[in-house]
Amino acid sequence: MPATPSSPFGEAGPEAVWRNGEVQADALANNLSAHYGLPRLDFETVAGCPSHFGELSRRFLRESYIYPFQGADGTVRVALADPTRRDALRALNIALGQAAEPGLLSFEEIDLLFERALQREEPDASATMALAEPEGPPSGGEAAEDLKDLARGAPIVRLIDRILERAVELGATDIHLETERDHLSVRYRVDGFLRRDQKVPVHLAPAIVSRVKILSGLDIAERRLPQDGRANLRVGSVEADLRVAVMPTIHGETAVLRLLVKDPRLLDFGRIGMSSPDQRAFETLLSEPHGIVIVTGPTGSGKTTTLATAISLLNDPARKIVTVEDPIEYQIPGIHQTQIKPQIGLSFAIALRSFLRHDPDVIMVGEMRDRETVGIGIQAALTGHLVLTTLHTNSAADAVVRLLDMGVERYLIGASLRGILGQRLVRRLCERCRRPDGATAEAARSLMVDRGLRCEAADTFFAPGGCDICGQTGYRGRVGIFELLRMDAAFHAQVRDIGDAGLILLAARNSGMRTMLEDGLDKCAAGLTSFEEVLRATG
């Protein structure tokens with residue numbers, strides 16, 4: 001491989017730049033190809049060539065993003081995503097006994113090549129398991145011990161490892177292991193939608209669920225009651241937290257695994273999709289010495305990620321920051337985080353009341369679920385603390401009505417509430433296969449005129465296409481759409497006697513607030529998402 005005097009990324013390697021979201025995978029591969037003087041390989045051409053693994057360690061190759069294959073002339077070649085990993089390439093050449101000719105592919109393309117190779121060699125993962133079907137389901141004493149031995153066996157361990165690795169590759173947030181009448185179904189929630197992946201023979205279901213229980217510290221002998229657990233583990237080259245919920249059903253136990261990959265690129269307002277004006281306004285709210293800032297939206301709209309990003313921004317040795325959460329999804333160094341435990345009486349209200357005796361500067365409450373918690377939070381805000389929390393409402397304006405319904409006096413809302421951030425998550429268009437859609441642009445312009453929306457006009461919107469990289473869905477990843485309602489003195493004067501969410505929204509718009517729909521249409525104009533996706537998310 002041609003030598004080069006320096007890396008184009010300084011101390012940060014190409015993989016770190018890609019994982020941090022600073023550069024798209026294709027653009028990164030093109031830059032590396034030009035910088036190192038290596039040919040930029042065509043993905044479909046490489047995919048059509050047979051892989052050349054032999055006795056090589058696939059885990060090592062996958063973690064190094066090196067894919068050896070046989071070229072059209074029969075010679076061994078190698079596709080790289082990171083040319084700076086010279087030691088890995090040197091080790092490969094020694095193992096091969098020859099210097100393989102290198103070329104460049106993106107990180108995403110090499111991930112897909114390994115997945116295709118696995119599917120070609122093992123189209124049905126369960127078929128590779130030399131496991132005899134048991135005569136009956138295990139039950140009690142010795143049968144539970146037999147099940148534990150089976151769950152720790154190499155075939156089941158490999159299958160669970162493969163399922164977890166597949167989830168990380170897809171960017172899945174949840175894994176659903178569902179026992180049905182004649183098979184166990186594996187589904188992944190990717191970008192908010194469930195995607196069926198494979199079926200496993202039903203006689204393996206108890207061992208698979210038991211393996212999940214062992215990983216998360218649950219009782220494998222208990223199959224009649226729901227159980228919840230968690231684990232911290234490495235999946236390939238990334239570290240992840242696993243939250244597990246097991247539930248008995250008519251055909252056996254079902255498990256849902258929430259996968260939280262420890263990824264620093266999530267904790268940045270720009271990368272979660274917040275526009276520069278909204279980001280500046282929200283950071284202004286976070287700079288307040290006291291008061292309540294609420295993030296609102298339905299379940300799965302990214303509220304916890306936004307709060308974790310805010311806490312990371314505020315994290316400073318000069319501040320004491322405490323949180324009470326259910327569950328703790330992001331573990332942030334320097335932050336004192338508490339998990340509520342209702343079974344022993346540790347609720348949000350009790351933890352929040354205790355926190356006030358610990359002299360905090362910032363308090364983050366995972367959710368304002370009841371009147372008692374809201375009351376304590378407001379008192380904390382009035383006594384000099386900055387309180388960050390969430391509410392489950394459909395819009396920022398609805399949050400004001402929700403507080404009134406929970407019994408909060410209007411004057412307390414005016415005295416303590418500093419701002420409300422409403423948000424949704426929409427799927428991001430795949431940049432490789434998105435296509436222009438003029439008809440959608442015309443429909444969007446009509447909507448803007450009919451509703452008097454303040455949006456950027458665009459001649460062309462984009463619609464989803466479909467390619468191998470995005471799994472033929474046309475979407476890869478998600479991006480947030482936001483609306484920020486700032487509770488300044490002028491706005492308080494307008495809504496002092498208003499209890500209707502529609503009138504509150506009108507007053508907020510008169511004060512300059514841009515709605516989630518307007519923010520979403522701006523992202524459509526920028527080619528980030530589709531018109532249909534924004535309408536689906538905003539209703």
Side-chain angles (χ1 to χ4, degrees), residues 58-59 62 114-170 172-190 194-231 233-236 240 242-259:
R58 298 197 190 192
R59 180 179 292 274
R62 193 160 194 167
F114 274 102
E115 185 60 32
R116 283 187 174 186
L118 178 64
Q119 290 174 355
R120 283 196 302 267
E121 296 170 13
E122 301 182 24
D124 183 359
S126 61
T128 66
M129 300 181 185
L131 295 174
E133 184 167 359
E135 297 180 358
S139 58
E142 295 180 357
E145 290 300 319
D146 294 340
L147 187 58
K148 183 182 295 185
D149 292 339
L150 186 60
R152 288 174 172 164
I156 294 294
V157 170
R158 282 199 303 268
L159 176 59
I160 293 297
D161 288 347
R162 190 177 301 131
I163 288 172
L164 291 171
E165 289 171 2
R166 174 71 170 156
V168 171
E169 291 163 7
L170 293 173
T173 56
D174 301 88
I175 306 168
H176 292 247
L177 305 176
E178 301 163 328
T179 303
E180 301 181 21
R181 180 184 296 274
D182 56 357
H183 65 272
L184 180 136
S185 174
V186 181
R187 296 196 291 172
Y188 301 101
R189 187 172 296 279
V190 181
L194 280 173
R195 181 185 301 181
R196 185 181 293 277
D197 188 74
Q198 63 175 297
K199 296 179 181 179
V200 180
V202 69
H203 71 272
L204 300 179
I208 291 171
V209 175
S210 294
R211 175 62 184 169
V212 171
K213 289 181 179 179
I214 289 172
L215 285 175
S216 53
L218 300 180
D219 181 4
I220 70 167
E222 178 55 75
R223 295 187 289 274
R224 301 167 300 171
L225 296 174
Q227 297 188 70
D228 296 314
R230 64 182 301 154
L233 43 80
R234 289 196 68 82
V235 181
L242 203 64
R243 286 167 38 205
V244 177
V246 179
M247 171 70 72
T249 66
I250 189 173
H251 298 301
E253 289 183 294
T254 291
V256 177
L257 291 69
R258 169 66 57 88
L259 193 65

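Numbers here simply count residues along the sequence, with the first being 1.
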Indicate every side-chain donor-acceptor pair of residues 224-231 with a distance under 3.5 Å to a residue at least two apart or in another chain.
from   : atom 1 : to     : atom 2 : distance (Å)
Arg224 : NE     : Glu222 : OE2    : 3.4
Gln227 : OE1    : Asp219 : N      : 3.1
Gln227 : NE2    : Asp219 : O      : 3.0
Gln227 : NE2    : Glu222 : O      : 3.1
Arg230 : NH2    : Ile328 : O      : 3.3

Checklist outcome for this item: Exactly one candidate in His176, Gln198, Arg196 meets side chain to side chain donor-acceptor pair (under 3.5 Å) with Ser185; the answer is Arg196

Checklist entry - Roughly how far, to the nearest 0.5 Å, is the OG1 atom of Thr179 from the CE atom of Met247? => result 13.0 Å

Item to check | Rounded distance [0.5 Å steps], CD1 in Ile160 versus CG in Leu233 | outcome: 11.0 Å

Item to check | Closest approach of Ala255 to Val246 (non-hydrogen atoms, all atoms of both residues) | outcome: CB-CG2, 4.2 Å

Checklist entry - What pairs of residues pass the salt bridge (charged side-chain N to carboxylate O under 4.0 Å, His left out) test when at least one of them lies in residues 175-185, not counting sequence neighbours? => result Glu178-Arg187

Next on the checklist: Quick check for you: to the nearest 0.5 Å, what is the distance between His183 atom NE2 and His251 atom NE2?
Outcome noted: 10.0 Å

Item to check | Separation of Asp197 CG from Ile163 CD1 (nearest 0.5 Å) | outcome: 8.0 Å

Item to check | Verdict with supporting geometry, Glu253 and Lys213, side chain to side chain contact (heavy atoms under 4.5 Å, CB included) | outcome: CA-CA 11 Å; Glu253 289 183 294; Lys213 289 181 179 179; 2.9 Å; yes

Item to check | Closest heavy-atom pair and its distance - Leu170, Val190 | outcome: O-CG1, 3.5 Å

Checklist entry - Arg258: what forms a salt bridge (Lys or Arg N to Asp or Glu O under 4.0 Å) with it, not counting sequence neighbours? => result Asp174

Next on the checklist: Applying side chain to side chain contact (heavy atoms under 4.5 Å, CB included) to Thr254 and Leu177, what does each step give before you reach the verdict?
Outcome noted: CA-CA 6 Å; Thr254 291; Leu177 305 176; 6.0 Å; no

Checklist entry - Where do Phe114 and Arg58 come nearest, in terms of heavy atoms and distance? => result CE2-O, 4.3 Å

Checklist entry - Is there a side-chain contact between Arg162 and Val186 (heavy atoms, below 4.5 Å)? => result no

Checklist outcome for this item: Rounded to the nearest 0.5 angstrom, the CD1-CG distance for Ile175 and Leu164 is 5.0 Å

